[in-house]
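Here you go, one structure.
None of the values given here were measured: they were computed from a predicted structure. Reckoned from all heavy atoms, side chains included, excluding hydrogens, waters and symmetry mates. Every chain is numbered from 1 and lettered A, B, ... according to where its sequence line falls, protein lines coming before strand lines.
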Number of protein chains: 2
Amino acid sequence: MTADRQAGPVPPLRHEGIGGVVALLEEDIMFGRLAPGARLTEDALMVRFGASRHFIRQTLVEMERRGVVQRERNVGATVRSYSAEEVRQIYEVREMLTRQAMLMIALPAEPGLIASLDALQDAYRDTVEKRDLRGIHEANDAFHIALFDACGNPYLVRTLTDYMGLTLPMRAKNLADADGLRLSVDQHGTMIELLRGRDRWALAQLAVDHMQASKADYLARIANPESRRAGSSLSSAGRTASAVLARGKPTREPLRVADPAMSAPETSSGFD
Amino acid sequence: MTADRQAGPVPPLRHEGIGGVVALLEEDIMFGRLAPGARLTEDALMVRFGASRHFIRQTLVEMERRGVVQRERNVGATVRSYSAEEVRQIYEVREMLTRQAMLMIALPAEPGLIASLDALQDAYRDTVEKRDLRGIHEANDAFHIALFDACGNPYLVRTLTDYMGLTLPMRAKNLADADGLRLSVDQHGTMIELLRGRDRWALAQLAVDHMQASKADYLARIANPESRRAGSSLSSAGRTASAVLARGKPTREPLRVADPAMSAPETSSGFD
DNA sequence: CCCCTATGTTTTATCGATAATCTCGTGGGC
DNA sequence: GCCCACGAGATTATCGATAAAACATAGGGG
């Protein structure tokens with residue numbers, strides 16, 4: 001691990017070790033640089049990250065656990081894709097968990113919580129204004145996790161976090177949509193307001209509503225796969241979008257990664 | 001893997017590969033042969049199962065994922081123990097998930113479901129009569145998973161299964177309690193009856209009630225740690241029960257496993 | 001002309017050995 | 001007598017190489 005990690009494709013390249021590679025790859029998936037169905041061969045990843053097979057393998061195991069990657073014995077790993085049915089099921093659970101967690105928050109919330117959420121909200125707003133995709137995602141997740149954390153049950157928070165990771169590929173496109181981001185920021189603000197009041201059900205419902213847009217958007221996207229994708233030039237070279245989304249056995253193709261300086265795709269509304 | 005796996009300590013030794021080792025170790029934990037806090041060194045496990053370091057390591061990673069084992073970097077793995085607070089939190093989520101899953105079952109349940117549950121119930125009763133501890137556990141879980149499966153959402157079932165695994169060490173002692181088992185069988189029967197009716201809430205509540213006994217029992221057990229433990233002779237040699245349950249840094253002690261032919265501990269009621 | 005089989009290539013799975021890290025016991029210094 | 005530093009032992013982490021499996025292709029037989 002003290003070994004040379006020659007110039008990674010992403011300039012900052014913070015994070016180190018296995019967690020870092022996971023984060024980087026999740027970004028690739030989330031930003032659409034790695035389309036669903038794309039193969040992730042160990043050798044290619046070894047070259048890309050300058051890591052040993054051991055590390056890469058562990059990374060893939062972890063990503064499989066998180067549900068963003070599918071691994072088949074003796075065949076390899078692919079970016080997982082979800083059918084409309086699966087998406088509904090995942091969101092059904094996620095919505096349920098969210099609602100329950102929100103209902104568990106003692107409602108005139110204590111000032112400390114509101115203060116930290118305010119801070120996170122500010123940070124979130126900043127990243128949105130700066131159009132910092134990675135930052136947007138992280139700040140958004142940080143806000144939600146802090147909110148969930150107020151439910152007082154770390155296991156519930158963990159499971160909820162797991163499901164947030166599961167829906168990660170579905171939230172991809174929404175990071176760059178201006179209207180969706182504005183709505184998202186507004187809703188976060190409303191949540192903080194509701195935390196000052198006493199209406200648990202309103203809070204719970206808002207939190208659930210908050211995630212509808214991305215779900216609907218993703219479902220619409222897979223309904224007609226030829227949706228215009230902005231920076232699709234390099235991802236999964238030569239395959240049509242429908243082929244990429246196809247869930248059949250993956251053909252053996254080399255791993256290909258899009259230009260790191262990806263142009264922000266302009267897509268429909270919705271966020272979470 | 002084609003390598004010789006010389007006589008394992010458990011006669012049947014079905015299962016092969018990593019999943020098998022996990023199952024065996026989970027049994028050890030569940031039956032109390034491996035007390036909470038016990039160290040699981042790779043070398044010891046390699047000897048015990050005649051497997052390579054690679055396998056054992058993967059096994060420990062998997063068991064950590066399942067929550068039955070705790071791993072600390074450069075230190076090793078120990079059987080995880082749960083505080084009263086954690087137990088309540090885990091059960092809180094598990095109860096919530098259970099209730100929701102039960103409520104999702106369309107209620108005059110279809111005959112096919114009832115038929116398969118009847119079959120599983122018969123099998124369960126058989127294992128109970130035969131006092132087949134391992135079988136009891138497996139048959140019980142099979143019944144519950146089949147029941148949960150009727151909710152129609154595989155992701156919910158999976159999460160629920162994860163939590164069943166998490167509460168596995170808490171359900172340990174209850175496998176051998178005659179009264180508890182009788183109650184358990186009865187409740188399963190009542191569930192099947194309720195599936196024929198239309199009262200979703202009664203079914204959900206029964207399913208939640210069904211797991212209260214083991215929770216209460218475990219909480220009582222950790223409240224006064226000097227509870228009489230039947231086959232404690234070899235597990236964690238020389239340490240007091242309270243020391244075993246202590247959650248501080250584990251002292252380095254050799255792995256010790258109790259006699260495979262464990263005498264069934266007679267303990268209080270409760271089951272799930 | 002099509003289907004089945006043999007073989008080469010790609011990719012993953014497994015192993016044994018070495019390096020890094022931690023824990024615990026011991027001895028010297030204050 | 002107590003505290004800190006050092007070293008021995010134990011245990012995990014990592015690596016490189018080899019084995020095994022699956023896929024893809026090309027050739028032969030029907």
Side-chain angles (χ1 to χ4, degrees), chain A residues 1-6 16-22 25 34 37-65 69-80 238-239 243 246 248-257, chain B residues 1-6 16-22 25 37-65 69-80 236-239 243 246 248-256:
Chain A
M1 252 299 293
T2 60
D4 55 332
R5 169 179 296 143
Q6 73 272 40
E16 72 275 340
I18 149 172
V21 176
V22 170
L25 282 177
L34 281 174
R39 295 201 59 205
L40 297 171
T41 66
E42 294 180 355
D43 290 338
L45 294 174
M46 282 168 63
V47 171
R48 170 143 191 256
F49 294 104
S52 71
R53 163 160 279 107
H54 214 76
F55 262 50
I56 297 301
R57 176 166 279 260
Q58 237 176 301
T59 299
L60 290 175
V61 169
E62 169 64 13
M63 293 184 78
E64 182 185 35
R65 188 195 72 77
V69 146
Q70 200 167 10
R71 261 160 49 93
E72 213 171 337
R73 185 183 169 91
N74 287 325
V75 172
T78 58
V79 177
R80 183 156 177 196
R239 302 173 80 180
K249 72 161 65 172
T251 63
R252 293 224 175 187
E253 285 184 7
L255 171 68
R256 205 77 60 98
V257 175
Chain B
M1 252 296 293
T2 60
D4 53 334
R5 171 177 296 143
Q6 73 273 42
E16 73 274 340
I18 148 172
V21 176
V22 170
L25 282 177
R39 297 199 60 213
L40 296 172
T41 66
E42 294 180 355
D43 290 338
L45 294 174
M46 282 169 62
V47 172
R48 170 140 189 257
F49 294 103
S52 73
R53 164 161 277 106
H54 216 75
F55 261 59
I56 297 301
R57 176 166 278 259
Q58 236 176 304
T59 299
L60 290 175
V61 169
E62 169 64 12
M63 293 184 78
E64 182 185 35
R65 188 193 73 76
V69 145
Q70 200 167 11
R71 261 161 48 95
E72 214 171 337
R73 186 183 168 89
N74 287 323
V75 172
T78 57
V79 177
R80 184 154 176 197
S236 68
R239 302 173 80 179
K249 70 163 67 173
T251 64
R252 294 224 174 185
E253 285 185 7
L255 170 68
R256 207 77 61 97

(request) Report yes if the side chains of B/Asp43 and B/Arg53 come closer than 4.5 Å at any heavy-atom pair, otherwise no. (result) yes
(message) Holding to side-chain hydrogen bond (donor to acceptor under 3.5 Å, both in side chains), I want the full list of residues that pass it with A/Gln58, two or more places apart in sequence or in another chain.
(response)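 With sequence neighbours excluded, A/Gln58 shows a side-chain hydrogen bond (donor to acceptor under 3.5 Å, both in side chains) to no residue whatsoever.
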(message) Rounded to whole Å, how long is the line connecting atom CD1 of B/Ile56 with atom P of C/dC15?
(response) 10 Å
(request) Let me know the distance between CG of A/Asn74 and P of C/dT12, rounded to the nearest Å. (result) 10 Å
(message) So A/Leu45 and A/Thr59, do their side chains get closer than 4.5 Å, heavy atoms only?
(response)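 A side-chain contact is absent here, since even the closest heavy-atom pair is not under 4.5 Å.
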(request) Check the distance between C/dT12's P and A/His54's NE2 and give it to me in whole angstrom. (result)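 After rounding, the reported distance stands at 16 Å.
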(request) Specify the separation, in whole Å, of atom CE of A/Met46 and atom C1' of C/dA13. (result)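 Interatomic distance, CE of A/Met46 to C1' of C/dA13: 14 Å.
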(request) Take B/Arg73 and A/Arg53, find for each the nucleotide of DNA chain D with the closest heavy atom, and name the residue whose nucleotide sits nearer the 5' end. (result)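 The 5'-side residue here is B/Arg73.
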(request) Rounded off to whole Å, could you give me the CD-to-P distance for the B/Gln58 and D/dA13 pair? (result) 14 Å
(request) Rounded to the nearest angstrom, tell me the gap between atom CD in B/Glu72 and atom P in D/dT11. (result)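 My rounded result for the distance is 15 Å.
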(request) Would you indicate whether the side-chain heavy atoms of A/Arg48 and A/Leu25 approach each other to under 4.5 Å? (result) yes
(message) In this structure, how many angstroms lie between the P atom of D/dT12 and the CZ atom of B/Arg39, rounded?
(response) 6 Å
(request) Give A/Arg57 one of three labels, base, sugar-phosphate or nothing, depending on what nucleic acid heavy atoms sit under 4.0 Å from its own. (result) base
(message) Rounded to whole Å, how long is the line connecting atom CZ of B/Phe49 with atom C1' of C/dC15?
(response)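 Atom CZ in B/Phe49 sits about 19 Å away from atom C1' in C/dC15.
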(message) With a 4.0 Å cutoff (strictly under), does any side-chain N or O of B/Ser52 reach OP1 or OP2 of C/dC15?
(response)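 Yes, such a contact exists.
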